[in-house]
2 protein chains.
Amino acid sequence: MDTRHMHIFMALAETLHFGRAAERMSMSQPPFSRQIAMIERMLGVKLFERNSRNVALTPAGEHFMKDCRTVLAQFEDACRDVRLVASGMKGELRFGFMMHAAHSVVPQLVQLYSEARPDVRLVLDERTPTEIDEMLVGGTLDAAVTFGCGYTPHLQTVLLTRERLRIIMRADHPLAGAAQIGPAALRAEKIIATPVATAPALRSAINSYFSAKGIVPNVVFEPRLQHTIIQLVAKGLGIALIPESLCAGLGAGLTSGTLTDPPQLDVVLCAPIVSKNPAVSTFMQIGKAIQHASKSI
Amino acid sequence: MDTRHMHIFMALAETLHFGRAAERMSMSQPPFSRQIAMIERMLGVKLFERNSRNVALTPAGEHFMKDCRTVLAQFEDACRDVRLVASGMKGELRFGFMMHAAHSVVPQLVQLYSEARPDVRLVLDERTPTEIDEMLVGGTLDAAVTFGCGYTPHLQTVLLTRERLRIIMRADHPLAGAAQIGPAALRAEKIIATPVATAPALRSAINSYFSAKGIVPNVVFEPRLQHTIIQLVAKGLGIALIPESLCAGLGAGLTSGTLTDPPQLDVVLCAPIVSKNPAVSTFMQIGKAIQHASKSI
DNA sequence: CCATTTGATACCTTAAAAGTATTGATCATG
DNA sequence: CATGATCAATACTTTTAAGGTATCAAATGG
């Protein structure tokens, strides 16, 4: 028994006429008649009551007709869907990003991609930059937004935006309201910074900002998440350099300031150069479209 | 593309080894290899990455594997279900009955049948005896409980029970509390009776009861439903002869009495002698079991 | 009663599936 | 590094199943 037999059965079930059903199946009536007999033999069930002038479905035939419709439709869907998946039009894409990137380019990227590929399920996974690197290499992420960090031999990257760091402090801090703040002004401050292990590029940018003026920052706390850094600053436990995109939504009692010659970090979209996931190429193209849009402003 | 191809694909998807997959399909490896190539060509999709030593599913192949599992399972279910329907183990049975029969044999019949055939959906349809006769003949009911009514050429019947008629009246009626009531005592009473068109057997039994003593009953109302008859009696608009099974649940203010030599009616289960619905035969067998059980008491 | 239509059967032809032999690629072992 | 074993793909041949034609028997309408 096979779907071809179901098609044959359906042709007769819908026409109740051997000759017309055979025509519908592009075959002559005698082999069609034999096929019907064979289907009934294979199932061990009488599907049609018939004589030389009348054909009618049995109750079992009526029931089988409903099931066949469903099975044949699902069969066609399976064949169509595998083609859609192969072409990247359908499937799943595991997308990682730094938490704070959700405040900048990630929503736009997600929106544009979801509109372009409504049948691809985006699996959103907030991760630290270090985790992102590991998961991209390990094949547990298909693409990700992270800080650009130099040489990436088997990853393709698209520069989405560049992001400056700003200094944040409590609103009652002596430096609050200063027009520009340089490293020298921060010499004596307690600094709260993300650890190297969590975000090497970010921490490296902070370190470089100070060391360029021969200053060693007094880092007193190194929590993993930017969110935690902001909370500790709110408690008056120090000040911090954080990505600009996080500064738009600071709570009451907090303020941010402009750094002199602020460090800048590349925010890039990464994916393996060779990906097994057909959905990734369109995702990267949309990243490139965002890149081009930001360049032309 | 056919389910046979899906089976071939699944064999390789599950083993990731051409030789073992070919064995599983009871064929040699070269034609198996050709079949896989043909499936990929038919779909226009690469399902496996492979060389002479390794076989792996592509993402499209992974997706197709899930869909194939579903389609093949549904295909088998369809073939199994048509056999179950053909054998009466599954399907639908349209069952009609007189409203008041829900107070007597119908619940038992429904319970026993549902236990015996849990996958057959009983469609319960309350109908008057005349409607039942028409629908059984017209093929819109598969079986029914009604009054026995003599010669039924193309119906098979099973006697389920015999039911006496009782007289009902308001509790403040002069005849309330009488030990036995004969036709003569009812000569002057306003009688409320079911019409011939609705229940010929019932009305004939009522007419016969009076005419056996040469009395013409004074029928003042002829509503179709027993429920309505009971309500009119409650309003004091007359008295009525109704089936005994309806008397157990009379409302406050109503009472029933025993008739002298009360008329009795057969309550039968009917179905066409030749039914296209395979589920009917078991239903009739359960009717016979109820018949035998009531005879042995 | 006869002609026409229709489903089933008998016989034959064609197409597709499967088998065998072999080749080329890959990997493990010495 | 060479060799042998294993494995997927290809070439050629055989077998099997599907389909076509001719015909028959049954049913129906005129």
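For the numbers below, each heavy atom of this structure counts, side chains included, while hydrogens, waters and symmetry mates do not. The chains referred to below are lettered A, B, ... by the order of the sequence lines, with proteins before strands, and numbering in each begins at 1.
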Heavy-atom closest contact (A:V196 atom, A:R203 atom, distance): CG2-CG, 3.6 Å
B:F283 and B:F95 aromatic ring geometry - parallel, tilted or perpendicular at 30°/60° bounds: perpendicular
From D:dG19, C:dA8, D:dT28, nucleotide with atom closest to A:R50 side chain: C:dA8
Proximity to DNA chain C (any heavy atom under 4.0 Å), residues of residues 3-29 of chain B only: B:R4, B:M27, B:S28
Nearest-nucleotide 5' precedence on DNA chain C, A:R53 against B:N54: A:R53
Spacing of A:D2 atom CG relative to D:dA17 atom C1', expressed in whole Å: 14 Å
N/O donor-acceptor pair under 3.5 Å between A:E40 side chain and A:L47 backbone: yes
Separation of atom CZ in A:R41 from atom C1' in D:dA17, rounded to whole Å: 13 Å
B:V268/B:L160 under side-chain contact (heavy atoms from CB on, under 4.5 Å): CA gap, chis, key distance, verdict: CA-CA 5 Å; B:V268 298; B:L160 295 176; 5.9 Å; no
Below 4.0 Å: OP1/OP2 of C:dA8 and any side-chain N or O of A:S33: yes
A:S52 side-chain proximity, nearest of D:dA8, D:dG19, D:dA26: D:dA26
Atom-pair distance (CZ on B:F32; P on D:dA9), nearest Å: 10 Å
Rounded interatomic separation in angstrom, taking CG from A:N51 and P from C:dG7: 9 Å
Rounded interatomic separation in angstrom, taking CD from B:Q35 and P from C:dG19: 11 Å
No-H, no-angle donor-acceptor pair, B:R34 side chain to C:dG19 base, under 3.5 Å: yes
Closest approach of A:T161 to A:L159 (non-hydrogen atoms, all atoms of both residues): O-CD1, 3.4 Å
A:E40 CD - C:dG7 C1' separation (whole Å): 12 Å
A:E49 CD to C:dG7 C1', straight-line distance once rounded to whole Å: 14 Å
Any donor-acceptor N/O pair, B:T157 side chain to B:C270 backbone, under 3.5 Å: no
N/O donor-acceptor pair under 3.5 Å between A:R127 side chain and A:D125 backbone: no
Spacing of B:I36 atom CD1 relative to C:dA17 atom C1', expressed in whole Å: 15 Å
